2 protein chains.
Amino acid sequence: MRKGEKTRERILDIAETSVLQKGFGATSIDELIAEAELTKSGFFYHFSDKNALARALLQRHLERDDEILDDLFRRARELSDDPLHALLIGLKLFSEMLGKLQDGHPGCLVATYCYHERLFDREINELNASGVQNWRQRFVDIFEKIHEKYEPQDEVEVEALADMISTVVEGGIILSKVLKDPKVLADQVLLMRSYVKLLYQPKTVN
Amino acid sequence: MRKGEKTRERILDIAETSVLQKGFGATSIDELIAEAELTKSGFFYHFSDKNALARALLQRHLERDDEILDDLFRRARELSDDPLHALLIGLKLFSEMLGKLQDGHPGCLVATYCYHERLFDREINELNASGVQNWRQRFVDIFEKIHEKYEPQDEVEVEALADMISTVVEGGIILSKVLKDPKVLADQVLLMRSYVKLLYQPKTVN
DNA sequence: CAAATTTCTGTACCTAGAGTACGGTTTTCA
DNA sequence: TGAAAACCGTACTCTAGGTACAGAAATTTG
């Protein structure tokens with residue numbers, strides 16, 4: 001039972017890299033099993049078909065992503081009781097983490113899958129949407145706590161504000177990947193942070 | 001010479017839709033020629049191979065995109081001589097345009113191609129990067145003019161600021177597509193606009 | 001209108017990869 | 001040690017990318 005898990009993870013690792021670099025349609029099973037040193041029968045023992053692989057890939061990706069964000073913003077809350085300051089610290093930590101990635105961010109499966117929607121069944125597309133809604137809820141919770149203490153300098157919906165973090169990360173990953181410059185992504189998160197700062201900063205005398 | 005162009009455009013139209021919905025690897029030539037009512041020989045008369053199709057697709061996409069942005073911000077400049085106000089108007093127009101798209105934004109080839117990099121030759125990847133740098137230059141020009149008249153409320157690099165527009169659009173497209181909600185993209189552009197507003201707003205008494 | 005050019009069609013063929021089926025073998029673990 | 005888990009080998013089907021080439025039909029141009 002344990003060895004099977006190991007092989008399964010190895011396949012998923014190789015598949016994730018390939019999918020992020022070539023797209024799902026161009027990721028061949030033959031190539032995966034060659035790199036995983038496995039036979040085709042071995043592959044189909046773990047995944048009934050390519051769709052099952054896609055589902056497992058996304059599930060694992062969303063779980064890991066959740067863990068990273070949990071950990072990050074938990075650490076941020078430990079550094080400040082104030083919800084606004086905690087978010088600002090969290091975004092700073094996030095930016096630093098992204099900037100430190102050698103070879104840049106490998107990419108996000110949610111983004112790839114959204115550009116493959118006609119390839120997957122409804123279940124996978126719904127899983128993908130639930131991932132985005134999960135991000136939204138996470139940040140809505142944070143912004144609602146901030147709104148209890150601070151008044152925004154502009155009319156904004158909390159949901160749009162929450163989505164902006166996901167937006168900036170997804171968009172930043174794309175720009176960083178295309179330009180082959182990890183700094184772009186880190187800078188974009190800092191700009192998002194700058195917006196949050198200005199938005200909740202009390203008006204001051206010039 | 002004119003009929004060939006028409007067929008070529010028809011192929012590109014069908015291919016673009018397919019690539020944005022299923023990815024490049026899963027877009028089959030057989031399917032394209034079936035929908036375009038053409039034979040395989042006819043396809044290869046226009047494109048030497050799939051890579052040539054990819055290149056033509058991206059070229060056309062970038063040209064069209066450029067025209068749309070040229071037109072949009074030209075109209076915005078006609079409505080205000082002030083560079084800041086012109087940008088704010090342009091972003092408003094942009095948001096409205098994106099919100100009006102029935103069925104939502106079809107997607108951006110730059111984003112898709114970035115998640116297919118290993119599939120394409122260097123030329124295509126460089127073309128993709130030049131597209132992003134083109135956007136950067138466009139908005140850097142705008143922000144530099146703004147900086148001549150206004151002082152930002154936070155330390156920001158013009159390049160990062162310029163990139164933020166592309167970032168928000170690319171990220172917004174993804175969230176909108178995944179959630180099947182065109183409003184998300186329009187709202188994200190408005191939030192970007194809100195940031196620009198706050199960033200250059202002179203400090204006022206509370 | 002006729003010639004030249006462009007724009008395709010038809011056929012035949014090669015190769016790789018997705019996926020199925022299934023019997024057998026080895027490895028792992030309780 | 002024995003059952004279950006984790007594979008291997010083989011053989012086959014089908015779809016798709018891509019090549020090659022001969023020629024037909026449509027279109028444009030002189």
Side-chain angles (χ1 to χ4, degrees), chain A residues 1-58 60 112-113 115-121 123-124, chain B residues 1-58 60 112-113 115-121 123-124:
Chain A
M1 280 176 186
R2 216 174 57 249
K3 200 199 167 200
E5 277 295 311
K6 242 176 101 181
T7 305
R8 196 183 140 95
E9 288 293 308
R10 199 168 70 245
I11 296 172
L12 288 174
D13 284 339
I14 298 167
E16 181 160 356
T17 303
S18 178
V19 168
L20 290 173
Q21 288 179 349
K22 311 198 300 180
F24 190 78
T27 295
S28 79
I29 295 179
D30 281 2
E31 184 199 312
L32 297 182
I33 62 178
E35 211 176 323
E37 289 175 330
L38 190 79
T39 60
K40 195 175 270 195
S41 317
F43 174 86
F44 283 106
Y45 171 77
H46 290 286
F47 305 100
S48 60
D49 56 7
K50 242 187 149 187
N51 236 280
L53 173 69
R55 196 178 310 118
L57 221 46
L58 183 57
R60 197 183 66 151
T112 320
Y113 278 38
Y115 279 108
H116 283 88
E117 47 157 345
R118 283 257 170 276
L119 219 59
F120 302 130
D121 54 40
E123 196 188 333
I124 293 183
Chain B
M1 281 175 185
R2 219 175 52 251
K3 192 183 172 219
E5 277 294 311
K6 242 177 100 181
T7 306
R8 197 183 140 96
E9 288 293 309
R10 198 168 72 245
I11 296 172
L12 288 174
D13 285 340
I14 297 168
E16 182 160 354
T17 303
S18 179
V19 168
L20 290 173
Q21 288 180 350
K22 312 197 301 180
F24 190 78
T27 294
S28 80
I29 295 179
D30 282 0
E31 184 198 310
L32 297 182
I33 62 178
E35 210 175 325
E37 288 175 330
L38 190 80
T39 60
K40 194 177 269 193
S41 318
F43 174 87
F44 283 106
Y45 171 77
H46 289 285
F47 305 100
S48 61
D49 56 8
K50 240 189 152 188
N51 236 280
L53 173 70
R55 196 178 310 119
L57 221 46
L58 183 57
R60 197 183 68 151
T112 319
Y113 278 37
Y115 279 107
H116 284 88
E117 49 156 344
R118 283 257 170 277
L119 217 59
F120 302 130
D121 53 40
E123 198 189 333
I124 293 183

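Side chains are part of it too, since the values below use all heavy atoms of this structure and drop only hydrogens, waters and symmetry mates. Computed from a predicted model, the values in this text were never measured in an experiment. Residue numbers begin at 1 in each chain, while the letters A, B, ... track the order of the sequences.
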### Task
To the nearest Å, give me how far apart CZ (Arg10(A)) and C1' (dA6(D)) are.
12 Å
### Summary
Sorted by chain and residue number, the side chain to side chain contact (heavy atoms under 4.5 Å, CB included) partners of Glu35(A) (sequence neighbours excluded) come out as Ile14(A)
### Query
Would you say a side-chain N or O of Ser41(B) is under 4.0 Å from OP1 or OP2 of dC21(D)?
no
#### Entry: Sequence-distant partners of Ser28(B), side chain to side chain contact (heavy atoms under 4.5 Å, CB included), two or more places apart
Asp30(B), Glu31(B)
### Query
Atom CD1 in Ile29(A), atom CG in Leu53(A): separation rounded to 0.5 Å?
7.5 Å
### Task
With sequence neighbours excluded, tell me which residues meet side-chain hydrogen bond (donor to acceptor under 3.5 Å, both in side chains) with Lys50(A).
none
### Task
Give, ordered by number, those residues of residues 49-56 of chain B having at least one heavy-atom distance below 4.0 Å to an atom of DNA chain C; if nothing qualifies, reply none.
none
### Query
How close or far is atom P of dT15(D) from atom CG of Leu119(A), stated in whole angstroms?
17 Å
### Task
Go through the structure and list residues passing ring pair (Phe, Tyr, Trp, His ring centres under 6.0 Å) with Phe120(A), not counting sequence neighbours.
Phe24(A), Tyr113(A)
### Query
Okay, side chain of Ser48(A), backbone of Phe44(A): is any donor-acceptor separation there less than 3.5 Å?
no
#### Entry: Close residues, residues 15-40 of chain B, relative to DNA chain D [heavy-atom separation under 4.0 Å]
Thr27(B), Ser28(B), Ile29(B), Asp30(B), Lys40(B)
### Query
Mind checking what makes salt bridge (charged side-chain N to carboxylate O under 4.0 Å, His left out) contact with Arg118(B), not counting sequence neighbours?
none
### Query
In whole Å, what is the span from the CZ atom of Phe43(B) to the C1' atom of dG17(D)?
10 Å
### Task
Determine to 10° how strongly the helix from dC1(C)-dG30(D) to dA30(C)-dT1(D) is bent, judged from the axes of its five-pair ends.
40°
### Task
Not counting sequence neighbours, which residues clear side-chain hydrogen bond (donor to acceptor under 3.5 Å, both in side chains) with Arg60(B)? List them please.
Glu9(B), Asp13(B), Glu16(B)
#### Entry: For atom CZ of Phe47(A) and atom P of dA6(D), their distance in whole Å
12 Å
### Task
Identify which nucleotide among dC8(C), dC22(C), dT9(C) has an atom closest to any side-chain atom of Tyr45(B), counting heavy atoms from C-beta outward.
dC8(C)
### Task
Could you pull out all residues at least two apart from Thr39(A) that satisfy side chain to side chain contact (heavy atoms under 4.5 Å, CB included)?
Ser41(A)
### Task
Apply side-chain hydrogen bond (donor to acceptor under 3.5 Å, both in side chains) to Thr112(B) and list each qualifying residue two or more places apart in sequence or on a separate chain.
none
### Query
Does His46(A) put a side-chain nitrogen or oxygen below 4.0 Å from OP1 or OP2 of dA6(D)?
no
### Query
Asp121(A): what forms a side chain to side chain contact (heavy atoms under 4.5 Å, CB included) with it, not counting sequence neighbours?
Asn51(A), Arg55(A), Glu123(A), Ile124(A)
